[in-house]
There are 2 protein chains.
Amino acid sequence: MADTGAPGGETLLFLTDEQLRKGIEAMFFAYRGFTADPDRILAKHDYGRAHHRAIHFINREPGLTVTTLISVLGVTKQSLNRVLRTLIEDGLVESRVGKRDKRERHLFLTEAGEALERALTEAQRARMRAAYRAAGPQAVAGFRQVLEAMMDPNLRRHYQMLKDDA
Amino acid sequence: MADTGAPGGETLLFLTDEQLRKGIEAMFFAYRGFTADPDRILAKHDYGRAHHRAIHFINREPGLTVTTLISVLGVTKQSLNRVLRTLIEDGLVESRVGKRDKRERHLFLTEAGEALERALTEAQRARMRAAYRAAGPQAVAGFRQVLEAMMDPNLRRHYQMLKDDA
DNA sequence: TTTTTAGGGCAGCCTTGTTGACTTTCCAAG
DNA sequence: CTTGGAAAGTCAACAAGGCTGCCCTAAAAA
């Protein structure tokens, strides 16, 4: 059935149902590990993963609007709003009314927000770094390739918007 | 910049903070793609991801006990119970009292349960297959290596319990 | 100016996580 | 044998974070 363009025929063994099932479970278990460390930090502050995601992307692109953030996160504005409200109340995020278009709100991390961001990211990076180091650069390249191929095209847009490093 | 396959010392460039951040976001966006297709099917049946996970692991290891399933899924028994109850009521899962130990409940998929399992898994496999094919066998090997290195050791146990295919 | 459209906020619902308290069964110690 | 604790599972109630619906304000179009 599947022909990748490889020379032989047995290259296709990596597409068996068993192999695919292993991949599916690997994603499941790895994602749990991936979120475990930040989750512990968040719990201390009475926040959840939703707060983490908001903080992460506001840090990545300071001044982005609520609408943009909604589309990156793939949630409804009502859902995001609850999270955002608590972050603003707690003084981690600042929301400034747009200069040109006063309907827009531009989001920024405060000092305190940046501090939490660093703590969360560093915890997550530490695990990622360990995994990268254990697997090696070749494996990391493959890891990224497969993940990118797995994204919805719409989401991939946001991903590639990052200034690339290659 | 990132120099993946180099021999020297600059191989470490794949461990920069930028690279790690890209990896983190790749996980985030890819996981969304990973769950998107099953989620659509589940919505039609008024189920959620929790039901999918239960069905998946009951299928993988028919007859497993509630306690085992709890430890694989990493949720509390109360949380699992609600999900399991609806699946049993709807006739997708059968719960048999243990022969030796009557406290235990052994879980099995019914015909209908297996049918839904196939639909869900096939949707998820299709995406995984496409990603694998696009990335190639080498990349897939790397993908798996990094994911495995990212798991909590405790979870890795359950992952490795699978009969391996290599 | 008036109407339509877009950004954003609030209220309330549902799923699925949590802890707490309870029942049944098993096993081990007296 | 019985009794007391541990283990498996169920029921109740609560919290986080998704969702839809409805509303207000600002901008843009008619």
Side-chain angles (χ1 to χ4, degrees), chain A residues 28 31-32 35-36 38-58 63-90 93-108, chain B residues 28 31-32 35-36 38-58 63-90 93-108:
Chain A
F28 172 68
Y31 200 77
R32 292 250 300 277
T35 53
D39 280 356
R40 269 187 287 275
I41 297 175
L42 290 159
K44 282 188 235 159
H45 295 252
D46 271 307
Y47 291 140
R49 249 175 241 179
H51 300 84
H52 184 186
R53 292 194 284 262
I55 288 173
H56 175 98
F57 286 104
I58 294 172
L64 88 176
T65 63
V66 172
T67 302
T68 306
L69 186 51
I70 283 165
S71 111
V72 172
L73 295 177
V75 298
T76 59
K77 60 182 173 175
Q78 295 85 342
S79 187
L80 175 60
N81 189 263
R82 193 182 329 96
V83 167
L84 224 39
R85 199 189 325 155
T86 71
L87 290 174
I88 291 170
E89 279 169 10
D90 295 352
V93 168
E94 193 190 344
S95 160
R96 299 186 203 149
V97 174
K99 269 234 125 80
R100 280 214 316 282
D101 189 332
K102 284 179 200 146
R103 292 175 300 183
E104 292 180 343
R105 301 287 181 278
H106 297 272
L107 304 170
F108 301 86
Chain B
F28 172 67
Y31 200 78
R32 291 250 300 278
T35 54
D39 280 356
R40 268 187 288 275
I41 297 175
L42 290 159
K44 282 188 237 161
H45 295 252
D46 271 306
Y47 290 140
R49 250 176 241 179
H51 300 85
H52 183 187
R53 292 194 283 263
I55 287 174
H56 175 97
F57 286 104
I58 294 172
L64 87 177
T65 63
V66 173
T67 301
T68 306
L69 187 51
I70 283 164
S71 109
V72 172
L73 295 176
V75 297
T76 58
K77 60 184 173 175
Q78 295 85 340
S79 183
L80 175 61
N81 189 261
R82 193 184 323 99
V83 167
L84 225 38
R85 199 188 325 155
T86 71
L87 290 173
I88 291 169
E89 279 169 10
D90 295 353
V93 168
E94 193 190 345
S95 160
R96 300 186 203 150
V97 173
K99 270 236 124 80
R100 282 214 316 283
D101 189 333
K102 283 179 203 147
R103 292 173 302 180
E104 293 180 342
R105 301 287 181 276
H106 298 271
L107 304 170
F108 300 86

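So you know, we letter chains A, B, ... as the sequences are listed, proteins then strands, and number each from 1.
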Applying a 4.0 Å non-hydrogen cut-off, can you work out what A/His51 is touching in the nucleic acid: base, sugar-phosphate, or nothing?
sugar-phosphate
May I ask you to evaluate whether B/Asn81 reaches the phosphate of D/dT10, defined as a side-chain N or O under 4.0 Å from OP1 or OP2?
yes
Strictly distance-based, threshold 3.5 Å: is any side-chain N or O of B/Arg82 a donor or acceptor partner for the main-chain N or O of B/Leu80?
no
Can you tell me the distance, in whole Å, between the CD1 atom of B/Ile70 and the P atom of C/dT16?
16 Å
Check the distance between C/dC14's P and B/Asp39's CG and give it to me in whole angstrom.
19 Å
Reckon B/Arg103 has a side-chain N or O less than 4.0 Å from the OP1 or OP2 of D/dT10?
no
Aromatic rings B/Tyr31 and A/Tyr31: how do their planes relate, parallel, tilted or perpendicular, breaks at 30° and 60°?
parallel
Between B/Arg85 and D/dC11, is there a side-chain N or O to OP1/OP2 distance below 4.0 Å?
yes
Should A/Thr76 be listed as having a side-chain N or O under 4.0 Å from OP1 or OP2 of D/dC19?
yes
Picking from C/dG8, D/dG9, C/dG17, which would you name as closest to the side chain of B/Ala50?
C/dG17
When you match A/Gln78 and B/Val66 each to their closest nucleotide on DNA chain D, which lands nearer the 5' end?
B/Val66
So, is B/Thr67 near the phosphate of D/dA7, with a side-chain N or O under 4.0 Å from OP1 or OP2?
no
Could you check which of C/dG7, D/dG18, C/dT24 has an atom nearest any side-chain atom of A/Glu104?
C/dG7
Would you sort out whether A/Ile58 and A/Leu84 count as a side chain to side chain contact (heavy atoms under 4.5 Å, CB included), showing the intermediate values?
CA-CA 11 Å; A/Ile58 294 172; A/Leu84 224 39; 4.2 Å; yes
Please report, rounded to the nearest Å, how far the P atom of C/dG9 is from the CG atom of A/Leu87.
13 Å
Between P on D/dC11 and CG on B/Leu80, what's the gap in Å once rounded to a whole number?
13 Å
Counting the atoms with a prime plus P, OP1 and OP2 as sugar-phosphate, which does B/Arg82 contact under 4.0 Å by heavy atoms, base, sugar-phosphate, or nothing?
base
Between B/Arg40 (CZ) and D/dC19 (P), how many Å, whole number?
14 Å
In whole Å, I'd like the distance from the CG atom of B/Leu42 to the C1' atom of C/dC14.
16 Å
Of B/Ser95 and A/Asp46, whose closest DNA chain D nucleotide lies nearer the 5' terminus?
B/Ser95
Step by step, work out the side chain to side chain contact (heavy atoms under 4.5 Å, CB included) result for A/Thr76 and A/Ile70.
CA-CA 6 Å; A/Thr76 59; A/Ile70 283 165; over 6 Å; no
Under 4.0 Å, heavy atoms only, any strand: does B/Ser79 hit a base, just the sugar-phosphate, or nothing?
base
N or O in side chain of B/Arg49 less than 4.0 angstrom from D/dG18 OP1/OP2
no
Length of the line joining A/Leu69:CG and C/dG9:P, which is rounded to integer Å
12 Å
Which atom pairs, donor and acceptor, lie under 3.5 Å between side-chain atoms of residues 43-51 of chain A and protein residues at least two apart or in another chain?
unit_1	atom_1	unit_2	atom_2	d
A/Tyr47	OH	A/Asp90	OD2	2.4
A/Arg49	NE	A/Asp39	OD1	3.4
A/Arg49	NE	A/Asp39	OD2	3.2
A/Arg49	NH2	A/Thr35	OG1	3.2
A/Arg49	NH2	A/Asp39	OD2	2.9
A/His51	ND1	A/Gly48	N	2.9
A/His51	NE2	A/Thr86	OG1	3.2

A/Glu104/A/Val97 under side chain to side chain contact (heavy atoms under 4.5 Å, CB included): CA gap, chis, key distance, verdict:
CA-CA 6 Å; A/Glu104 292 180 343; A/Val97 174; over 6 Å; no
D/dA7 C1' sits how many Å from B/Arg100 CZ, rounded?
15 Å
Consider the side chain of B/Thr65, meaning its heavy atoms from C-beta on, and name the nucleotide among D/dG9, C/dC26, D/dG18 that approaches it most closely.
D/dG9
Which part of the nucleic acid does B/Lys77 contact within heavy-atom distance under 4.0 Å: base, sugar-phosphate only, or nothing?
base
